[in-house]
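These notes are about the structure you will find just below.
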Amino acid sequence: SDTHMPECYTPAAGSERVIRVEPRRGPYRIAVANGHTGIPWRMQMIRSVKAWAAKPENAADIAELKIVSTGADVAAQIAAIDNFIQAGYDAVAFIAVNPKAFDAVIRRARTAGTVLVSFDNPVDNPDVVRITPEWMEFEGAIKTRAVLDQMPRKAGTVLEVRGIPGNSTDRDRHAGFRQVIDEHPEIRVVEVVGNWDTGTVQKVVSDALAVHGRFDAVVCQHGCRGVTNALLAAGHPKVPVGGDAENGFVRALAENGIPGISVSTSPGQGPVAVRAAIALLKGESLPALVNLPTPHVRTADMKPGVNYFPDMPDTYETVSGYAACGPDMVFTPDELMRQSADGN
Amino acid sequence: MIPLVRALPRPVAAPGPAGVIALALVVLLLAGGLADPRFFSPAYLLQQLHTGAFLGVIAIGAMVVILTGHIDLSVPWTLSAAATFSTAFVGAAGEGAQGELGLLVGLAVGAGIGLVNGIGVAYLRLPSMIWTLAVNMVVLGVCVLHAGLYASGSRPSAVMATLGGGWIGSLVPNAVVVWMVLSAAAVFLLRRTVAGRCLYAVGTRESAAWLSGIDTRRVLLGAFVISGLCSAVAGMLLAGYANQAYQRMGDPYLLPGIAAVVLGGTSILGGRGSYGGCVAGVLLITLITSMLSLLQVPEAFKQIAYGGVIILMVGYYSRRAAAERA
Amino acid sequence: MIPALRLLVRHNDRALAAWALLLALLLLFLSIHPRGASGGVLAAWANQGVALAFVAVGQTIVVLTRGIDLSAGAILALCNCAASALVRGDPAEVALGIAAVCLIGAACGALNGLIVVRGRIQPIVATLATGAILSGVALLVRPTPGGSVDDRLADALTGTVGGVVPVSLLLLAVLVAAIWGPVRASLTGRTILAVGSAEPAAYMSGLPVDRAKVAAYALAGLFAAFGGLFLGFQTLSGDPSVGASYTLNSVAAVVLGGTALAGGAGSVAGSIAGALVLRTVGSLIFFTGLDPMAQPLFEGAVLLVAVALGAGRLLRIRNRLEVFR
Amino acid sequence: MPNDPAFLALAGVAKRYGGAVALRDVSFSAGRGSIHAILGENGAGKSTLMKILAGAVAADCGSVTLDGRPLRLDGPAAALREGIVCIFQELSIIPDLTVAENICLADPPRRRIGTIDRGAQRRRARAVLDALGCGSGLDVRARCADLPLAKRQIVEIAKALARRPRVLILDEATSALSAEDAERVMRHLRRLREEGVCVLFISHRMHEVDALADTCSVFRNGEHVATFPAGSRTHDEIVRLMIGRSIAHVYPPKPERPPPAEPYLRVRGLARDGVLKGIDLDVRPGEIVGLGGLDGQGQRELLLALAGVLRGTTGDVRIGTAAGLPSGPRAAGGPGRRIALIPEDRKTEGLFLGLSVAANLSFAALDRLSRCGIVDTDAERALVAGLAGRLAVKAPDRDAPVATLSGGNQQKVVLGKWLATEPKLLLLMDPTRGIDVGTKQEIYRLMRDLAAAGVAILFHSTDYDELIGLCDRVLVLYDGRVAARLSGAEITEEAIVASALNLRPAASAAGSRRPHREALA
Ligand SMILES: Nc1ncnc2c1ncn2[C@@H]1O[C@H](COP(=O)(O)OP(=O)(O)OP(=O)(O)O)[C@@H](O)[C@H]1O
Ligand SMILES: Nc1ncnc2c1ncn2[C@@H]1O[C@H](COP(=O)(O)OP(=O)(O)OP(=O)(O)O)[C@@H](O)[C@H]1O
Ligand SMILES: [Mg+2]
Ligand SMILES: [Mg+2]
């Protein structure tokens with residue numbers, strides 16, 4: 001079966017399932033239900049959704065775009081989706097606070113005919129389109145392997161900086177890391193928990209350096225600016241570091257010539273998900289589980305103004321969108337910054 | 001100096017909080033050292049002091065508020081807000097002298113939030129646990145809105161960077177020096193000044209203090225402003241340490257701050273507690289957290305150990321206090 | 001009897017105020033809701049608040065003893081995880097599972113009570129510690145979100161009766177009336193109030209102080225378990241990190257409901273209103289055309305104002321010493 | 001019933017608190033159907049002994065037998081089960097519960113299912129209060145927190161009686177009662193004696209002891225020094241047993257005529273909704289003015305209003321150089337007015353129980369003891385030493401928490417705390433509550449000396465002796481108004497009682513006559 005824009009909405013390996021709904025005529029009422037508040041990534045995601053929707057060619061399809069952030073409480077997010085269903089929205093795109101918690105509301109959505117699209121932290125439910133990086137590949141095949149490549153000798157100690165315990169994404173990314181690193185039995189792994197928080201990462205990495213003295217590479221999930229900070233503060237030799245795509249981290253790699261790789265889960269997922277919802281409403285079919293191409297760049301290839309932005313905040317996500325998903329999916333910083341206080 | 005309460009019970013001289021924690025620290029280090037001799041390395045211990053300093057500064061504010069029998073739950077976002085706005089100012093004003101005014105901006109933010117906390121608790125007589133929680137949410141909202149409106153800079157000024165991340169030679173982290181200076185100030189405040197006496201008195205029995213001619217409302221207000229300032233200082237130090245201000249940077253500090261004060265033997269009901277214990281508490285918490293994570297202990301067991309330590313220590317203090325009473 | 005009525009109103013004025021506030025907010029919410037007041041909307045509204053309301057009820061009972069339970073969220077999370085492992089299979093198994101989860105909650109609560117009573121540790125500290133321990137245990141039970149919960153029962157409990165009245169609200173009312181009602185009217189209930197009002201006096205008067213305290217914390221644990229169970233029915237799964245936001249919100253609900261943290265006086269009903277108020281404020285942002293960046297500020301500000309309403313009592317104060325009560 | 005003299009017997013009871021010995025090897029017995037007075041100076045160990053009987057404090061050693069059976073008194077509940085009911089110096093009622101709930105606190109009438117029958121509870125409460133005779137004007141549905149101290153003390157007593165005690169202990173339970181209520185309570189105690197109850201009775205008011213006790217036991221420094229039939233010894237002998245010296249005159253001589261100075265306090269038409277209805281009064285420097293009257297006629301409100309504690313009080317007031325009422329204690333204590341209010345309830349208003357004796361004594365005066373906010377600890381030490389000596393505070397040491405002092409000594413600390421501010425106008429609310437004769441004498445002398453030094457003193461007391469013995473002038477309040485202004489020779493018990501009941505003096509004879517006595521000696 002041929003699905004919509006396969007170069008962008010690539011089906012996950014081994015998932016044949018395709019989703020298609022009764023087409024209906026636009027323009028559509030779309031809602032985005034975000035969870036956690038006060039996190040830069042989420043804010044940029046919201047911005048890029050608005051930026052995308054503001055483009056005239058897309059605006060035509062959208063009668064109403066409602067974006068809410070319900071915070072960490074799963075009950076609140078479920079209520080938000082229920083309310084959008086009740087209010088007769090055509091589609092709801094959401095980042096689940098917890099991938100297991102939405103089966104009931106997904107059923108209610110199906111009966112009510114509301115299209116759900118889950119992204120970034122996808123729900124474990126085959127009945128909705130789920131758009132996500134392939135976390136194991138993301139952390140393993142791409143990030144960890146790149147780090148290994150840049151290690152002069154594939155031996156010694158590698159420091160893994162993990163995310164928030166009990167979170168399924170952390171679990172998958174750790175698995176991906178392990179999958180690759182275990183191919184090298186001579187490499188010893190030291191594991192610390194950074195909670196995806198720059199300050200905590202810096203603290204635990206500094207501790208690890210103080211105790212273990214020296215590492216041959218570092219693989220970090222998020223908040224990786226903390227890794228470079230710690231390494232530089234300790235005058236540690238410049239070993240390969242794999243990390244996120246926050247402006248601060250990429251800059252630190254580039255400007256200090258630290259070998260490594262920046263792998264991005266871009267906030268551009270937001271508009272990609274919204275566009276998927278609209279495509280479904282228009283009658284296009286999509287794979288049930290979409291794996292987004294994973295943008296990444298090695299230190300050697302980093303260019304200012306392209307891969308990092310000296311005059312943007314350190315928390316700015318340098319990869320604003322998915323080029324593979326078409327020209328309308330890449331955003332310039334000021335394009336995003338313009339999407340701010342205007343109500344919706 | 002007339003002690004506010006008898007330092008040690010005359011008959012049974014069981015060690016006080018500071019003593020016990022010192023003991024615990026030694027035990028901890030020995031245990032850790034056996035597990036891995038590198039825990040003894042001066043580099044590691046200095047590292048602990050360095051990260052402890054941020055918690056220590058926060059604990060000063062927390063202790064002052066707790067002494068009055070209240071609590072300040074607005075620490076996380078007061079810290080983030082001070083860091084965010086001070087660095088934003090630096091970004092706008094540019095590096096150099098005028099950029100350093102960002103320090104004042106940060107302090108102003110902290111003092112302002114402390115003022116709001118204090119007005120609610122002291123003048124409107126609202127329960128601190130809820131009022132400061134609400135204030136925390138409002139500040140979060142302000143920060144989110146600010147970040148939503150402006151792509152402002154998030155990089156610390158030179159001074160912030162030096163104080164937060166720099167070292168004197170490679171001997172002492174500057175943050176530790178800051179902590180020590182503030183500690184000295186705190187000790188002086190608590191032991192030698194009228195204000196200090198008022199803190200204890202209000203924490204023991206506010207009505208009696210009021211009838212004694214103290215404007216207890218101003219005392220409470222002051223306590224919360226101090227707390228706000230401490231959070232602000234910690235925020236800017238942290239921004240200097242991490243070379244950036246970022247949202248939610250304060251989240252990891254609320255509960256450890258309170259726990260450190262309580263482990264230090266300060267009564268959560270107010271009116272009782274000494275600063276020495278507070279410092280010891282900070283060191284203990286910092287060391288435990290760091291060692292457990294380095295020993296690769298799974299999060300679940302970290303949490304369990306954390307809670308266990310608190311129960312054991314505080315349980316010991318209360319038994320000791322009881323022994324003192326009868 | 002009129003004077004009795006007047007006393008009743010005077011002693012519950014703050015709870016009544018909370019209900020009034022809730023009503024106002026709910027009407028506002030329904031009026032801006034594109035769908036208006038329908039069974040589904042009401043169900044979604046109620047379901048979102050009920051778990052917090054359960055926790056708040058338990059929290060109130062502890063606060064009445066002048067204590068506080070900062071482990072409520074952890075107990076809720078633990079019970080939610082337990083539910084995701086136990087509440088499934090044939091009806092008998094489901095029933096047993098529910099019983100087991102309630103037992104776990106009550107046991108955790110009783111543990112808190114024992115630590116407070118035997119260890120002579122301040123409740124806020126003791127429960128802070130047990131909270132850490134229990135969330136650790138929750139992580140052991142379910143390292144990551146998962147499990148499953150009987151979905152037939154779940155649908156029944158999260159739906160409506162006659163397409164109008166949310167089942168969850170009825171469930172809340174019935175459980176609270178059936179459990180707290182009798183206790184409140186017993187000597188234990190009186191002791192719970194007395195302890196919060198003047199513990200030494202209660203002890204001197206020969207009231208069963210320790211028993212009452214342990215009972216209060218056990219009840220708090222039980223109601224937190226209800227909350228965890230209900231979340232399980234809502235999410236059909238268990239999540240070790242689900243409790244984080246519940247602890248302090250439950251305390252906020254208690255205060256909004258007019259129960260003094262100083263203990264001694266207050267009402268469970270008020271706290272239920274307080275919990276639903278908190279959730280309704282959250283729901284308002286769904287349909288107010290508020291910029292997402294401004295939503296957190298809006299929520300915070302509304303809560304701030306709601307809390308500040310409590311300052312009204314100062315106006316009534318004639319004797320300034322009452323300020324300190 | 002047989003009136004066996006050893007109905008309640010203690011043998012070899014001792015109790016030490018850390019260093020301080022509260023009781024050493026006390027043996028003591030009391031008979032059924034008797035009223036047994038326990039006498040002793042502050043800190044003698046009376047309360048400790050009673051707390052041991054009530055199970056509130058565990059003795060270090062020794063035994064207690066009741067009706068020949070040895071008792072295990074672990075906790076108040078145990079003692080109450082044995083029928084030992086204690087009314088403590090520190091009130092033990094629950095402020096947030098109603099009068100009825102308090103009176104039936106621990107064993108309320110219950111329905112079959114175990115829930116409390118609130119109707120029956122109200123009826124029982126009423127019955128007890130009526131039996132006591134103090135129930136009038138006390139709504140059993142009222143929250144106790146809303147009641148004045150005296151009413152709360154009545155509830156406390158009713159609560160104890162509701163438990164049908166075999167042994168009833170009153171530890172200064174009448175200290176805050178107006179003479180009338182005290183009278184009623186005593187009448188009821190006599191009735192209980194007839195019913196065979198063993199009553200132990202602690203009071204520092206000798207006339208109450210005279211009026212009630214059959215037997216007296218005197219304690220001193222934690223030792224049981226003597227037991228004798230009431231009336232077999234003169235007050236002077238008893239006092240000597242208590243404090244080891246005799247006191248010739250309790251009250252210092254009054255100066256001939258009050259000094260002709262300008263009034264320091266001048267009040268005209270002081271009013272506050274329903275409680276104060278236009279009060280005029282002057283207090284001159286060097287003058288001690290007493291406030292008498294039945295309980296709750298506005299005495300407390302008057303003093304609180306003058307200290308700025310009450311809002312919404314109107315009237316033309318001039319204090320020292322300042323006009324108008326202070327806006328709060330801070331303003332009251334300020335340079336303009338120099339008022340010190342000795343509050344009524346030492347535990348919640350007077351003291352910081354958790355803080356040391358020294359910190360308490362110096363606290364109110366800290367601004368005098370500090371330069372630009374920094375405490376001058378030497379000056380503080382000196383001040384504390386001075387006060388502690390002057391008031392003979394009996395404490396293990398000055399750094400001990402005030403909570404560990406005996407009731408009377410806590411009261412002394414309260415006094416000292418405010419004397420440290422060197423006030424010009426002293427407002428005293430029942431300052432000698434629970435203070436032993438010896439100390440009372442010292443305090444009276446202290447007040448007289450202060451007056452002589454030019455301090456104006458306004459002094460509210462529930463004890464007529466004090467008003468008569470100490471005051472230059474006495475204002476008797478009735479229903480928020482001044483019912484009588486007595487001075488010099490007019491200050492007699494009859495006159496006070498009469499105007500307190502708002503009667504003509506003649507009629508008073510019928511009212512409340514008490515066995516007349518001269519003031520201790
Ligand atoms: N909790 C305590 N801790 C330490 N010492 C105490 C404590 N309670 C009482 N004491 C000491 O025991 C002694 C006796 O105290 P107690 O209260 O029995 O005196 P009292 O006879 O009741 O005096 P008063 O007439 O003033 O009430 C006093 O010296 C007091 O300081
Ligand atoms: N020291 C204090 N601490 C806390 N609250 C206080 C204090 N003093 C007064 N209050 C209360 O705070 C509010 C403002 O007090 P304040 O005394 O300033 O009012 P005010 O305008 O002076 O009163 P009035 O109108 O009677 O003069 C009042 O409710 C008062 O009861
Ligand atoms: Mg006594
Ligand atoms: Mg006494």
Side-chain angles (χ1 to χ4, degrees), chain A residues 36-40 42-44 46-47 69 71 162 164-166 189-204 206-213 223 225-226 228-230 232-235 246-249 251-252 309 311-316 333-334 336-337 339-341, chain B residues 32 36-39 41-48 50-51 54 77 80 87-88 91 137 140-141 143-145 147-155 165-167 170 173 238-239 241-253 286 289-291 293-300 302-303:
Chain A
H36 299 281
T37 49
I39 296 177
R42 301 293 180 105
M43 291 158 80
Q44 190 169 331
I46 290 171
R47 274 220 190 77
S69 300
R162 295 190 56 173
I164 293 178
V189 174
V190 172
E191 199 178 305
V192 289
V193 176
N195 291 337
W196 296 331
D197 170 79
T198 307
T200 312
V201 168
Q202 182 168 354
K203 179 175 168 307
V204 293
S206 307
D207 285 359
L209 287 173
V211 170
H212 296 277
R225 174 62 182 276
T228 52
N229 283 334
L232 295 169
E246 277 193 356
N247 197 25
F249 174 68
R251 255 180 65 238
F309 305 85
D311 50 0
M312 291 297 290
D314 289 340
T315 49
Y316 175 72
D334 47 337
L336 290 177
M337 282 316 156
Q339 308 302 326
S340 53
Chain B
D36 183 340
R38 287 169 298 190
F39 281 129
S41 72
Y44 176 71
L45 296 177
L46 281 172
Q47 177 56 38
Q48 294 321 299
H50 194 173
T51 46
F54 306 122
W77 280 93
S80 304
T87 52
M137 288 180 62
L140 175 157
C143 290
V144 169
L145 188 58
L149 293 179
Y150 318 101
S152 51
S154 66
R155 283 157 218 162
W167 289 59
S170 61
L238 212 53
Y241 176 68
N243 281 310
Q244 78 184 78
Y246 56 98
Q247 303 205 318
R248 296 206 167 271
M249 67 194 285
D251 284 11
Y253 288 91
T286 312
T289 344
S290 156
M291 282 189 166
S293 76
L294 284 176
L295 293 173
Q296 317 265 320
V297 176
E299 182 66 14
K302 269 189 232 164
Q303 298 271 352

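In what follows, every heavy atom counts, from backbone to side chain, and hydrogens, waters and symmetry copies are set aside. Note that the structure is a prediction, hence the values are computed from the model and not measured. By convention in this document, chain letters (A, B, ...) are assigned in the order of the sequence lines, proteins followed by strands, and residues within each chain are numbered from 1.
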So for B:S41, is it side chain, backbone, both, or neither that comes closer than 4.5 Å to the heavy atoms of chain A? side chain
Of all heavy-atom pairs between B:R155 and A:P313, which one has the smallest distance, and what is that distance? NH2-C, 4.2 Å
Measure distances from A:A233 to the heavy atoms of chain B and classify the residue's part below 4.5 Å as side chain, backbone, both or neither. neither
Taking every heavy atom of B:A242 against every heavy atom of A:R225, the minimum-distance pair comes out as O-CG, 4.3 Å
Given a strict heavy-atom distance threshold of 4.5 Å, which part of A:T37 is in contact with chain B: side chain, backbone, both, or neither? both
Rounded to the nearest 0.5 Å, how far does CG of B:L238 lie from NZ of A:K203? 11.0 Å
Looking at every heavy atom in both A:V211 and B:R38, which two are closest together, and how far apart are they? O-CD, 2.7 Å
Side-chain touch B:P252/A:N195, heavy atoms, less than 4.5 angstrom: no
Taken in chain and number order and not counting sequence neighbours, the residues that satisfy side chain to side chain contact (heavy atoms under 4.5 Å, CB included) with B:T289 are B:I285
Taking all atoms of both residues into account, what is the closest heavy-atom pair of A:G38 and B:R248, and its distance? O-CG, 3.4 Å
Under 4.5 Å between any side-chain heavy atoms of B:Y241 and A:N229, yes or no? no
Given 3.5 Å as the limit, does a donor-acceptor pair link the side chain of B:Y246 with the main chain of A:G199, or not? yes
Is there side-chain contact between A:T198 and B:Q244, with at least one heavy-atom pair below 4.5 Å? yes
Check: B:Q296 main-chain N/O paired with A:E191 side-chain donor or acceptor under 3.5 Å: no
Taking every non-hydrogen atom, the tightest pair across A:M43 and B:A147: CE-CB, 3.3 Å
What I'd like to find out is whether the side chain of B:M291 reaches to under 4.5 Å of the side chain of A:D207, using heavy atoms alone. no
Is A:V201 close to chain B through its backbone or its side chain, or both, or neither, when contacts mean heavy atoms under 4.5 Å? neither
Check A:D314 against B:N243 and note the closest heavy-atom contact, atom names and distance. OD2-O, 3.5 Å
Once rounded to the nearest 0.5 Å, what's the spacing between atom CD of B:Q247 and atom CG of A:D197? 12.0 Å
